[in-house]
**Q** 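Starting off with a structure, shown below.
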Amino acid sequence: MYLALASALLLLPGVTSRSLWSDSPGSYADLITTAFSLGNGRVGAMPLGLPGKEIINLNIDSLWQGGPFESPDYAGGNPNISKADALPGIREWIFQNGTGNVSALLGEFPHYGSFQVLANLTVELGDGDLGSVADYRRSLNLRTGVYADRFCVGEREAFCSYPDGVCVYRLASNTSLPAVAINLENLLAAPEPNVTCSGNSISLYGRTFPGIGMRYNARATVVVPGLKSDLCAQSAVRVPGGQREIVIVVAAGTDYDASKGNAAANFSFRGKDPYDDVLKTSSNAAGKPYSRLKSAHIKDFQSIFDGFTLTLPDPYNSASKPTTDLIAAYTQPGDPYVENLLFDYGRYLFLSSSRPGSLPPNLQGLWTEQYSPAWSADYHANINLQMNHWGVEQTGLGGQTEPLWTYMLETWLPRGAETARLLYNADGWVTHDEMNIFGHTAMKDSAQWANYPAVNAWMSQHVWDHFDYTRDIKWYQTVGYPILKGAAQFWLSQLVQDEHFNDGTWVVNPCNSPEHGPTTFGCTHFQQLIWELFDHVLRGWTASGDTDATFHSAIASKFSSLDTGIHIGSWGQIQEWKLDLDTPNDTHRHLSNLYGWYPGYAISSVHGHNTTITNAVATTLTSRGSGIEDSNTGWGKLWRSACWALLNEPANAYSELTLAIQNNFAANGLDMYSGNPPFQIDANFGVLGAVMAMLVRDLDGVGDDGRVQAVLLGPAIPAAWGGGSVTGVRLRGGGMVDFKWDEDGVVRSCRADLSGRGGQKVEFYVKGGDAIRC
């Protein structure tokens with residue numbers, strides 16, 4: 001029976017530029033590079049499309065080893081006594097010698113933990129033979145979030161629904177299905193979870209650590225219309241042959257509770273046993289017809305995804321070819337169809353991994369097939385977590401950023417206030433580069449890349465951006481501004497007057513440029529970030545509702561004499577440190593000294609786009625190389641792409657984008673670190689930032705104080721994208737714009753909706769400086 005169904009596979013209807021598709025199944029041995037990703041923010045799934053025995057990898061966002069679920073003494077890496085007395089000596093040494101170290105502030109990080117895989121759902125159909133399958137095709141529709149491999153007499157579909165909180169898998173036939181065996185399993189976890197079956201439901205229940213580990217539960221409920229008998233056989237559900245439809249509803253949860261990550265809850269992060277809620281969620285969804293579950297999911301998904309559209313040309317008729325083949329064979333000079341596809345996929349992945357009530361996307365978004373993935377699949381925040389949110393506000397996904405703000409408020413600020421006091425004798429809050437979901441905010445011993453306290457300032461940029469695009473004053477006062485104020489309070493206490501150059505400026509000491517160079521003072525990256533943080537506090541003062549005049553005065557005073565972090569060095573570069581220590585042709589992957597060019601605005605705001613500063617930015621970019629040389633990271637290339645775009649350099653911006661796709665993206669569209677696993681999702685989201693930088697320049701701060709907001713349409717549209725268009729581009733201050741460009745990449749027509757801007761005016765310009773009426 002299954003062989004007959006498999007041989008009758010037909011071309012999927014409606015395969016468009018907004019679909020990933022393949023004419024061959026994925027491979028379990030290469031799951032992370034061949035499976036397609038589904039998610040509703042909390043629960044993720046990766047079906048492979050295997051005939052015979054299908055395997056669907058499952059994840060839940062909060063399933064982590066470690067933390068208080070492994071040790072009752074877990075303290076987020078914080079010491080039990082203050083180390084702040086070491087700071088004056090550290091600073092004195094650095095000012096005298098130029099460089100130094102922070103070894104006295106380092107700490108251990110026991111029980112840091114790791115994100116881990118939840119389970120595999122297996123669906124075994126008869127005795128199918130892959131070799132006999134003809135005209136095979138599987139597809140993931142990015143606009144609806146529905147996966148399918150379809151047959152002339154049947155189909156398989158899957159999606160993860162945000163409205164119903166479940167992932168759903170359906171098999172249907174116009175005639176009949178073979179006997180089907182359904183299992184839940186996790187053979188990687190230690191201790192191994194317990195799997196039971198009752199009625200038509202399989203429950204996988206486990207702990208991440210004996211006795212005190214995080215409790216987790218996955219439940220697969222099988223619905224067979226017209227069949228009421230108990231289908232359990234041992235720990236599996238076995239459906240007899242002859243049925244026309246089988247629906248599997250999967251719900252999952254853990255007893256992790258971020259709201260318990262504070263002193264009042266003893267930083268336990270422990271909520272209630274997930275079993276009852278998982279059972280309720282599964283039962284509620286299983287009680288609804290499949291058509292109702294699917295329509296609710298699609299309506300919800302499209303209501304967000306369809307708010308923005310990028311349309312690029314298809315000069316090579318790529319729409320007729322399997323996207324897995326296109327991406328696998330992709331080379332420079334590029335293919336606009338693939339670039340459009342991966343842009344859409346970046347929006348799709350964000351919408352699938354960041355929804356209100358979930359955690360924000362981690363290093364792997366929501367998806368892992370491993371028990372202990374690379375870098376713990378944690379939150380690295382010296383570029384990676386930030387890049388995960390590039391382009392989100394501009395492309396209509398700003399409403400899905402709630403997980404980031406909640407995560408910061410509940411897991412960073414409480415422990416981060418302790419870290420600020422114990423390591424720096426400071427007010428406010430601070431965290432460092434590597435964070436888990438249990439409030440790890442301290443430094444790590446012997447991990448230079450993790451000793452980076454500027455996280456609070458960089459993430460404050462995203463807080464401001466959300467407010468700047470939405471102008472939601474209530475949100476700003478209750479959520480955004482408390483984050484900004486705490487970060488600003490910390491840096492007020494840490495700035496010291498420069499005792500090396502004695503130039504009267506306020507600088508950070510100690511500091512280091514992320515993952516690069518010495519520990520020193522006045523690091524370019526830190527100074528630019530703090531400049532922007534203070535600027536945002538002052539510009540948003542009225543909206544904040546804050547009446548703390550002493551705080552406002554302190555910010556304004558130090559802001560006026562703050563070193564901006566913008567110094568042009570001996571060979572024409574933007575210096576990475578206040579000391580001119582840069583080496584020409586140092587191809588380090590980070591562009592930390594160009595933060596104020598992109599994604600920030602400090603360089604443009606302080607110096608504008610004058611020739612001296614743009615030449616220095618270009619010199620720095622050229623010296624840093626293409627991004628291949630140091631680790632060959634996808635995110636490194638896409639950061640370079642965005643920087644070149646803001647220099648109005650479409651050829652260089654496009655070259656870096658296409659180089660990233662060629663070197664770093666697997667056939668299923670996911671970004672691979674250095675071109676091979678492990679999977680690291682930041683470049684998937686970085687595509688959004690790079691492409692939007694080519695399409696529009698809408699700089700922070702340009703339209704403040706009653707000034708007209710100047711927006712440049714099409715600053716760096718590459719020649720290959722000629723004749724394209726975009727709709728739904730969000731603007732700072734509110735409103736949106738649609739526009740089209742000609743074959744030369746020059747915008748020729750536009751239409752703007754500027755309602756709700758409170759009278760703030762916008763003027764639109766095109767490449768070359770001409771004004772355009774929208």
Side-chain angles (χ1 to χ4, degrees), residues 386 389-394 398 454 457-473 475-476 480-481 483-485 487-488 491 524-544 546 552 555-556 558-566 574 594-610 613-614 617 642-643 645-648 689 692-693 695-713 715 729-737 754 756-765:
Q386 289 87 347
H389 293 81
W390 284 5
V392 167
E393 299 289 347
Q394 289 176 293
W458 195 340
M459 294 309 300
S460 292
Q461 180 218 20
H462 291 273
V463 171
W464 176 263
D465 276 355
H466 186 67
F467 171 60
D468 207 13
Y469 281 97
T470 65
R471 292 290 156 166
D472 185 340
I473 291 178
W475 176 87
Y476 188 61
Y481 182 71
I483 296 173
L484 261 65
K485 183 173 184 178
W491 288 111
T524 297
H525 180 75
F526 279 60
Q527 300 296 142
Q528 293 174 1
L529 284 165
I530 296 166
W531 188 93
E532 291 189 13
L533 172 61
F534 284 11
D535 187 42
H536 287 150
V537 169
L538 295 174
R539 283 166 47 204
W541 185 255
T542 300
S544 74
D546 196 349
H552 181 275
I555 292 289
K558 287 194 172 177
F559 183 63
S560 66
S561 300
L562 182 68
D563 189 300
T564 61
I566 305 167
I574 301 290
L594 294 185
Y595 162 81
W597 184 251
Y598 187 91
Y601 66 100
I603 295 176
S604 298
S605 185
V606 173
H607 291 285
H609 275 68
N610 65 64
I613 202 69
T614 54
V617 172
C643 285
L646 289 190
L647 283 170
N648 302 341
M692 292 309 298
L695 296 181
V696 62
R697 184 192 298 147
D698 182 16
L699 292 179
D700 190 359
V702 173
D704 282 356
D705 303 323
R707 290 175 289 165
V708 175
Q709 178 84 359
V711 177
L712 177 60
L713 303 180
V729 177
R730 272 54 173 185
L731 301 172
R732 292 184 182 275
M736 64 180 69
V737 64
L754 304 179
R757 290 180 61 89
Q760 184 189 29
K761 295 182 179 180
V762 180
E763 290 181 351
F764 295 98
Y765 297 86

**Q** Between Asp700 and Trp464, does any side-chain donor sit less than 3.5 Å from a side-chain acceptor?
**A** yes

**Q** With distance as the sole criterion, is a donor-acceptor pair present between the side chains of Glu393 and His466 under 3.5 Å?
**A** yes

**Q** Less than 4.5 Å apart, any side-chain heavy atom of Lys485 and any of Asp546?
**A** yes

**Q** CZ/Arg732 to CZ/Phe467 distance, rounded to the nearest 0.5 angstrom?
**A** 12.0 Å

**Q** Does any non-hydrogen side-chain atom of Phe526 lie less than 4.5 Å from one of Asp563?
**A** no

**Q** Quick check for you: to the nearest 0.5 Å, what is the distance between Tyr598 atom OH and Leu699 atom CG?
**A** 11.0 Å

**Q** So how far is it from Leu484 CG to Gln461 CD, rounded to the nearest 0.5 Å?
**A** 10.5 Å

**Q** Closest approach of Ala488 and Val537, non-hydrogen atoms and distance?
**A** CB-CG2, 4.1 Å

**Q** Does Val762 reach the side chain of Arg757, with side-chain heavy atoms less than 4.5 Å apart?
**A** yes

**Q** Would a 4.5 Å heavy-atom cut-off, applied to side chains only, mark Trp541 and Arg539 as touching?
**A** no

**Q** With a distance cut-off below 6.0 Å to the six-membered ring centre and an angular limit of 45° from the axis, does Arg471 pair with Tyr469 as a cation-pi contact?
**A** no

**Q** I'd like to check the side-chain contact (heavy atoms from CB on, under 4.5 Å) partners of Asn648; sequence neighbours left out, ordered by chain and number.
**A** Arg697, Leu712, Pro715

**Q** Any heavy-atom pair between the side chains of Val737 and Leu731 that's under 4.5 Å?
**A** yes

**Q** Would the distance check show the side chain of Gln528 and the main-chain N or O of Gly596 forming a donor-acceptor pair, the cut-off being under 3.5 Å?
**A** yes

**Q** Given the rule in the ring pair (Phe, Tyr, Trp, His ring centres under 6.0 Å) test, do Trp458 and Tyr595 qualify, once you have shown the distances and angles that lead to the verdict?
**A** CA-CA 9 Å; Trp458 195 340; Tyr595 162 81; 5.3 Å; yes

**Q** With a 4.0 Å cut-off, would you call Arg730 and Asp465 a salt bridge?
**A** no

**Q** In Å, rounded to the nearest 0.5 Å, how long is the span from CG of Asp698 to CG of Asp468?
**A** 8.0 Å

**Q** Strictly under 6.0 Å, is that where the ring centroids of Phe559 and Trp531 end up?
**A** yes

**Q** Rounded at 0.5 Å granularity, tell me how far CD in Gln386 sits from CE in Met459.
**A** 5.0 Å

**Q** Determine whether Val729 and Leu695 make a side-chain contact, defined as any pair of heavy atoms from C-beta on separated by less than 4.5 Å.
**A** no

**Q** Taking the side chain as C-beta and beyond, is there a heavy-atom pair between Trp475 and Val463 under 4.5 Å?
**A** yes

**Q** What is the minimum heavy-atom distance between Ile473 and Ala543, and which atoms define it?
**A** CG2-O, 3.6 Å

**Q** How far does CD1 of Ile530 sit from OG1 of Thr564, to the nearest 0.5 angstrom?
**A** 12.0 Å

**Q** Could you give me the CA-CA distance, side-chain angles and deciding distance for Val696 and Gln394, then say whether side-chain contact (heavy atoms from CB on, under 4.5 Å) is met?
**A** CA-CA 10 Å; Val696 62; Gln394 289 176 293; 3.5 Å; yes

**Q** Between Ser605 and Ala602 (side chain of the first, backbone of the second, donor and acceptor by atom type, cut-off under 3.5 Å), is there such a pair?
**A** no

**Q** For a quick test of reading the model, state the closest non-hydrogen atom pair linking Ser460 to Ile483 and the distance between them.
**A** OG-O, 4.4 Å

**Q** Could you check whether any side-chain heavy atom of Thr614 comes within less than 4.5 Å of a side-chain heavy atom of Trp597, counting everything from C-beta outward?
**A** yes

**Q** Taking Glu532 for the side chain and Tyr601 for the main chain, is one N or O donor matched with an acceptor at less than 3.5 Å?
**A** yes

**Q** Taking the six-membered ring for Trp and the full ring for Phe, Tyr or His, determine whether the centres of His536 and Tyr476 are under 6.0 Å apart.
**A** no

